[in-house]
Structure formats: C-alpha cells, structure tokens
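Take a look at the structure set out below.
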Amino acid sequence: SSTMSFSEAEVQSARSAWEKMYVDAEDNGTTVLVRMFTEHPDTKSYFTHFKGMDSAEEMKQSDQVRGHGKKVFTAINDMVQHLDNSEAFLGIVNPLGKKHASQLKIDPKNFRVICDIILQLMEEKFGGDCKASFEKVTNEICTHLNNVYKAEGW
C-alpha cells in the first residue's frame, strides 16, 4: 500500500538505530558496497568504473566506491527523516526508483541485497536490537522501490 504505518515509537527507535550507522556514513556505506560487490560479484557489472577491481582492499580505497557508499547512506538518511510522512518519503523513493529502473536498469533484487547487508552490519556493530528496529524500514524501502519498478514496467 502507499501509506506507511510506523508508530511514533517505531519511528524513534528506527531513527536512533540509523543514527549510529550514519555517524560514519562514508565508511559504513563503503563497507556495505564492498561486501555487496564481493559476495554478489554480478552487482559490480552495473558500475563500469568498479568492474576492474577485484580485491576488497582496492575497492575500499576507491573514491568512486566511497562516494557511492556515502550517496546510498545519504538517500536512506533522507528517507529515515520522513518515516512519519509518506508523501515526503515517496518524494525521495519514487525518483530514486525511476532512475534505477529506467536509466540505470538495476535489477530490483539488488535493493534487498544491499538492505540485508546494512542490517547485517548493524547487527555486527550494534547488536540485534539495533537491527530489529531498522528491519521494518528496509522492508518499506524495498516494497516501495519494487512498486516503482512495477509502474515502470519491470
């Protein structure tokens, strides 16, 4: 559905969980991308400038990987700020989904992949409660992105 149902308490705990990750947006964003490229090498094919990089170490040092990692975290951060306002939330998700579907042609399954890696990193760094309080957010993001893809004819 197009309306989100986060209780005030869920919004607060999701925000404080995310806050911990976002403090180190560039490093954590980079870690997430490097894991994705390493564990799901097919995802590298979407990024022409990452294609030649084989070692995780090389990827970690790359300005492009770091830049995109930060970009991903900034986008999620914008969404997290609007969990209590579906119109504003969709105002961020919709153009992002459209761009990835029509211009970049990214397989939508990769959004779930990246969200799962973010949850995994949250759990490693801050424990299961932190992860649990953010799970609903990632489900919401993925659901809405998939809806955009359907509307774009995927």
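Everything numeric in this text was worked out from a predicted model, so none of it was measured. Positions are given from 1 along the sequence.
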Practice prompt. Verify the neighbour count for atom NZ of K109: are there more than 12 heavy atoms of other residues, nucleotides or ligands below 6.0 Å?
Written response: yes
Worksheet item: F134 versus V80: any side-chain heavy-atom pair under 4.5 Å?
Response: yes
Worksheet entry | Shortest non-hydrogen contact between L104 and Y46, atoms and distance | O-CD2, 4.3 Å
Worksheet item: Quick check: does any side chain N or O of D116 sit under 3.5 Å from a backbone N or O of V113, one acting as donor and the other as acceptor?
Response: no
Worksheet item: How far apart are the closest heavy atoms of M122 and A17, and which atoms are they?
Response: CE-O, 3.6 Å
Worksheet item: Are M21 and V23 linked, directly or through other ILVMFWY residues, by side chains that come within less than 4.5 angstrom of each other?
Response: no
Worksheet item: Can you list the steps and then say if R35 with E124 is a salt bridge (Lys or Arg N to Asp or Glu O under 4.0 Å)?
Response: CA-CA 14 Å; R35 261 187 212 186; E124 286 165 21; 2.8 Å; yes
Fill in: Rounded distance [0.5 Å steps], SG in C115 versus CD in E135
10.5 Å
Discussion item. Any heavy-atom pair between the side chains of K20 and K125 that's under 4.5 Å?
Written reply: no
Worksheet item: Quick check: are there more than 12 heavy atoms from other residues, nucleotides or ligands sitting under 6.0 Å from CG of N139?
Response: yes
Discussion item. Given 3.5 Å as the limit, does a donor-acceptor pair link the side chain of Q61 with the main chain of E58, or not?
Written reply: no
Item to complete: Please examine the side chains of M36 and L33, heavy atoms only from C-beta on, and report whether any two atoms are closer than 4.5 Å.
Response: yes
Worksheet item: Do V93 and M79 have side-chain heavy atoms sitting under 4.5 Å apart?
Response: yes
Item to complete: Mind checking the CG-CD1 spacing from L119 to I114? Nearest 0.5 Å is all I need.
Response: 11.5 Å
Worksheet item: Side-chain donor-acceptor pair under 3.5 Å between N77 and Q81, yes or no?
Response: yes
Worksheet item: When the ring centroid of F73 is compared with that of W18, is the distance short of 6.0 Å?
Response: yes
Worksheet entry | Which atom of E140 lies closest to which atom of F6, heavy atoms considered | CG-CE1, 3.8 Å
Worksheet item: Taking C-beta and beyond as the side chain, do T138 and I76 meet within less than 4.5 Å on heavy atoms?
Response: no
Worksheet item: Hey, are E26 and K70 close enough for a salt bridge, meaning a charged N less than 4.0 Å from a carboxylate O?
Response: no
Worksheet item: Which pairs with one or both residues in residues 96-120 pass ring pair (Phe, Tyr, Trp, His ring centres under 6.0 Å), sequence neighbours excluded?
Response: H100-F111, F111-Y149
Worksheet item: Does a side-chain heavy-atom distance below 4.5 Å link Q64 with F47?
Response: no
Item to complete: Decide, yes or no, whether a salt bridge links K44 with D54 under the criterion of side-chain N to carboxylate O below 4.0 Å.
Response: yes
Fill in: Within 45° cone and under 6.0 Å: K131 NZ/CZ vs F126 ring
no
Item to complete: For the pair R66 (side chain) and K60 (backbone), establish whether a donor and an acceptor sit closer than 3.5 Å, ignoring hydrogens and angles.
Response: yes
Item to complete: Grab the two heavy atoms, one from L90 and one from P95, that are nearest each other, plus how far apart they are.
Response: O-CD, 3.9 Å
Worksheet item: Any sub-3.5 Å donor-acceptor pair from D107's side-chain atoms to N110's backbone N or O?
Response: no
Worksheet, complete the sentence: All heavy atoms of F89 vs all of H144, minimum pair found to be CE2-CD2, 3.6 Å
Discussion item. For S133, is there any backbone N or O sitting under 3.5 Å from a side-chain donor or acceptor partner on K136?
Written reply: no
Item to complete: Please report the closest heavy-atom contact between A14 and L83, naming both atoms and the distance.
Response: CB-CD1, 4.1 Å
Worksheet item: Is there a side-chain contact between C130 and E123, using heavy atoms and a 4.5 Å cut-off?
Response: no
Practice prompt. Look at atom CG of D63 and say whether more than 12 heavy atoms of other residues, nucleotides or ligands are closer to it than 6.0 Å.
Written response: no
Worksheet entry | I92 CD1 to E87 CD distance, which is reported to the nearest 0.5 Å | 12.0 Å
Worksheet entry | Check: H68 and K71 side chains under 4.5 Å, non-hydrogen atoms | yes
